[in-house]
Amino acid sequence: MTHRPDNSKAASQPEATQPQAEPVPSCPVCRERPVIAIDGPAGAGKSTLAAHLARRFGFLNLETGAMYRALALKAIENDFAFDEEAPLLDLADHTRITLEPQLEGNRVLLDGIDVSRRIREQDVTSAASQISIHHNLRAWMVLQQRALGAAGGVVMEGRDIGTAVFPDAEVKIFLDAAPEVRGNRRFRQTVPNENPTPRQNSGRQSPDIQTSEEQRAAEEAILRDLKERDYRDRNRAESPLQPAPDAVILDSTAMSLEEVLAQAEAIVNSHLSTA
Ligand code: DC
């Protein structure tokens, strides 16, 4: 099943110009299937976990970071400043972002064009974090994300899913790991022979690395970018990255991927068995 929301409809509604996301938006009893919220910093493994849970439980996998990235790409292409909210909001109102969940992640269409790989590049990564500080822009995103997940049966991944998008999500997981571990994982995603079958959403740029010195420099640069983004995401005034009070925190610093997946599955199963 693909999910191709036509965001152009939302964009043409008057409230899209001055979006007002309500604090508690939805009605869990109106959903037949749960919302699984996965939040956490960059490189913690959210996308891998979200894709796994979606496959395991037959849910849609929706990657909200891709929406910020797609809009950031449009801002880059149109030479917009990242620190001026009004023009960005106007741009958003004339933008159609479509997430197409696949087995291994989301295919992302920006105004009908597949930008799934382009949006993983460094300039877009940095721009996405910068535009995501704006209040009304976030409200615009949140409205669309709530519409996408309203029927439930979704694993939604991002920074504010459990705190702002679906504060009433049935399952909330906050996936964290030490910055050095996340940086190293991101670095290894850029090394082609360690990543022979890239996932849909892992088109991260591979620097042309020759020597071990260059490797170390490349890894350090990734860690620097990641810490900078962490700082901005955690300290912005609007929906800063933080665990919801009722989220289960999984720190994967010293855990294998299999352990993370098994613990997260157990969390979801325990909800499903009591629902
Ligand atoms: O998950 P990601 O790395 O693709 O996200 C890119 C940026 O988008 C991230 O630095 C912060 C922002 N973002 C956000 O503010 N809220 C979300 N729900 C998802 C992403």
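Indexing begins at 1, ligand by ligand and atom by atom, following the structure's order. For this chain, numbers begin at 1 and follow the sequence in order.
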Open item on the list: Tell me if a side-chain donor or acceptor on E157 pairs with a main-chain N or O of L62 at a distance below 3.5 Å.
Closed with: no

Task: Atoms in ligand 1 with a heavy atom of G158 nearer than 4.0 Å - done: 18 (N), 19 (C)

Task: Note, R182 side chain near K227 side chain (heavy atom, < 4.5 Å) - done: no

For residues 34-45, which side-chain donor-acceptor pairs fall under 3.5 Å, sequence neighbours excluded?
from : atom 1 : to   : atom 2 : distance (Å)
D39  : OD1    : R159 : N      : 3.2
D39  : OD1    : D160 : N      : 3.1
D39  : OD1    : I161 : N      : 2.9
D39  : OD2    : I161 : N      : 3.2
D39  : OD2    : G162 : N      : 2.8

Open item on the list: Would you say V154 ends up clustered with I267 if hydrophobic residues are merged whenever their side chains have heavy atoms under 4.5 Å apart, either directly or through other cluster members?
Closed with: no

Open item on the list: Side chains of R69 and S116: any donor to acceptor distance under 3.5 Å?
Closed with: no

- [ ] Please work out which of R159, R232, R138 has its closest non-hydrogen atom nearest to atom 15 (O) of ligand 1.
- [x] R138

- [ ] Select one of side chain, backbone, both or neither to describe which atoms of R69 lie under 4.0 Å from any atom of ligand 1, heavy atoms only.
- [x] side chain

TODO: Specify side chain, backbone, both or neither for R236, according to which of its non-hydrogen atoms lie closer than 4.0 Å to ligand 1.
DONE: side chain

- [ ] First locate atom CD1 of I222, then atom CZ of R186, and finally report the distance between them rounded to the nearest 0.5 Å.
- [x] 9.0 Å

Task: Whether Q263 side chain and V260 backbone form a donor-acceptor pair below 3.5 Å - done: no

- [ ] May I ask which of I131, V124, D160, I133 has a heavy atom nearer to atom 18 (N) of ligand 1 than the others do?
- [x] D160

TODO: Run the numbers for me: atoms of ligand 1, each under 4.0 Å from some heavy atom of S129, listed by number.
DONE: 10 (O)

Open item on the list: I want to know if ligand 1 touches T125 in the polar sense, i.e. an N/O pair below 3.5 angstrom.
Closed with: no

- [ ] Using heavy-atom distances, let me know which of G65, S132, A72, S47 sits nearest atom 12 (C) of ligand 1.
- [x] S132

Open item on the list: Any nitrogen or oxygen of T64 lying under 3.5 Å from a nitrogen or oxygen in ligand 1? Just yes or no.
Closed with: yes

